[in-house]
Amino acid sequence: MSGESGAGVKGVRGVRAVRTRGGLSLRLDVRALLACLLLLALALAAAIALIGSGDYPMTPAEVLSTLTGGGNPGQEFIVQDLRLPRVLVGLLAGAAFGISGAVFQAVSRNPLGSPDVLGFAQGSSVGALVVIVYFQGGTVAVAAGSVVGGVATGVAIFLLAWKRGIQGYRFVLVGIGASAMLYALVLYLLTKANIVEATRATIWMNGSLNGRDWDQVGPLAAVCAALLPLLLLHGRPLRMLEMGDDAAYALGVRVDRVRVVTLLAAVLLVASATAATGPIAFVALTAPQLARRLTRSPGPNLLPAALMGAVLLVAADWSAQRLFGADQLPVGVLTGVLGGGYLLWLLARERRVGRM
């Protein structure tokens, strides 16, 4: 900017500090901004491709025309009633998983600090299975049971890991132990179910976007609208936490308050997303780390992680539909296979650099 505009710009290695005449200062990471724009474009492109896929294929131009009210009645029914809700659930759930994974990894200061590794997906599965096996609940009741199970698991892990605050490795170890116990409980509940209930529970546990409609979009959108901005506002305190509690305290961060607020919001997001899609593995683990490698910026990279999660989940759902012929896979199976390979690579890398 010129001096006549009343603002100054200073840049260091791609970071721009903008100061206005009124004293407002804004730190702008150009690479991170470009990465967010790229991820947003990829998410929209993947969404359009997914809407156009299926037994009745549509070109991107036809999809866009239908979304803006220019399609014929058949296209409007396919897009508005069948495919758009599925894509919106995928985008919202992917964003929820991605930003929640970034929060967990920032708080624990551990790349393995992911909701699906720490037992939250298993907790949601237990809640859903209890409703299916013992109450024969419908879709809404199963979703509610999943949310209750995920939140209860989060509270229990938080309390068990609390000892004059939350320490990263203790939090991770407690979560891994809880995950093993909850998985055993899932297997027990499956043995108590009859064949119909066991089949229904197994389908739900695979994690899928099949059959998602506007009933799943509304609640998930409301939760994301309330909690995503809350977490984004805590991006700077979380970045300070990654430097250690002492440094964060010295910089004025209320460490325990930030941990409680951000972890509670992340748990609610994970539980709500799992209620809408079933447990979808490894998106929360991989999205934040891929986003950080793309932006090359310090800190949790909350917005890039959310956008990366949306891209990964929608792209994985498109791949699960198109790459295996008539045998369409639930998206949770595909993310589990790919994410498992990524986890093995991550463990080998952590051991190689001496962190394990």
Side-chain angles (χ1 to χ4, degrees), residues 93 96-131 143-189 205 207 223 227 230-231 234 237-238 241-242 245 254-275 277-289 300 302 305 309 339 343 346-347 356:
F97 286 132
I99 198 170
S100 299
V103 169
F104 276 93
Q105 291 173 20
V107 170
S108 65
R109 284 180 282 166
N110 191 315
L112 295 178
S114 171
D116 40 10
V117 175
L118 302 184
F120 295 94
Q122 288 82 356
S124 293
S125 297
V126 169
L129 287 178
V130 167
V131 173
S146 174
V147 171
V148 171
V151 172
T153 300
V155 172
I157 292 175
F158 188 85
L159 293 176
L160 290 171
W162 182 273
K163 185 178 181 182
R164 296 188 297 275
I166 293 290
Q167 195 272 338
Y169 280 99
R170 183 168 61 245
F171 183 69
V172 171
L173 290 175
V174 170
I176 292 175
S179 176
M181 295 173 63
L182 290 167
Y183 181 69
L185 186 55
V186 166
L187 296 179
Y188 170 76
L189 289 171
M205 289 174 57
V223 172
L227 297 181
L230 175 64
L231 289 177
H234 283 80
L238 285 172
L241 280 182
E242 289 190 337
D245 288 2
R254 300 171 63 181
V255 173
D256 291 336
R257 179 184 177 276
V258 169
R259 282 201 179 103
V260 170
V261 171
T262 56
L263 284 176
L264 180 59
V267 167
L268 288 172
L269 278 171
V270 169
S272 300
T274 304
T277 64
I280 295 181
F282 293 116
V283 173
L285 174 70
T286 58
Q289 298 178 39
L302 297 180
L343 179 60
L346 179 62
L347 291 171
M356 295 185 62

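Residue numbers run from 1 in the order of the sequence given. Worth knowing before you read on, the calculation uses all heavy atoms, side chains too, and leaves out hydrogens, waters and symmetry mates. Remember, predicted model here, so these are calculated numbers, not experimental data.
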Taken to the nearest 0.5 Å, the spacing of L302 CG from L231 CG works out to 6.5 Å
For the pair Q105 (side chain) and L285 (backbone), establish whether a donor and an acceptor sit closer than 3.5 Å, ignoring hydrogens and angles. yes
Of all heavy-atom pairs linking I280 and G207, the shortest is CG1-CA, 4.1 Å
Side-chain donor-acceptor pairs of residues 171-184 under 3.5 Å, sequence neighbours excluded:
residue	atom	partner	partner atom	Å
S179	OG	Q122	NE2	3.3

Closest non-hydrogen atom pair, L227 against A265: CD1-O, 3.6 Å
Pair F158-V260, side chain to side chain contact (heavy atoms under 4.5 Å, CB included): steps then yes or no: CA-CA 9 Å; F158 188 85; V260 170; 3.5 Å; yes
Residue pair S100 / A266: nearest heavy atoms and the distance that separates them: OG-O, 3.3 Å
If we only count heavy atoms from C-beta on, is the Y188 to L185 side-chain gap below 4.5 Å? yes
Nearest heavy-atom neighbours spanning P300 and A102: O-CB, 3.6 Å
Shortest non-hydrogen contact between A271 and G150, atoms and distance: CB-CA, 4.3 Å
Using every non-hydrogen atom in the two residues, find where T262 and R259 come nearest and quote the distance to one decimal. OG1-O, 3.4 Å
How many angstroms lie between atom CZ of F104 and atom CG of D116, to the nearest 0.5 angstrom? 10.0 Å
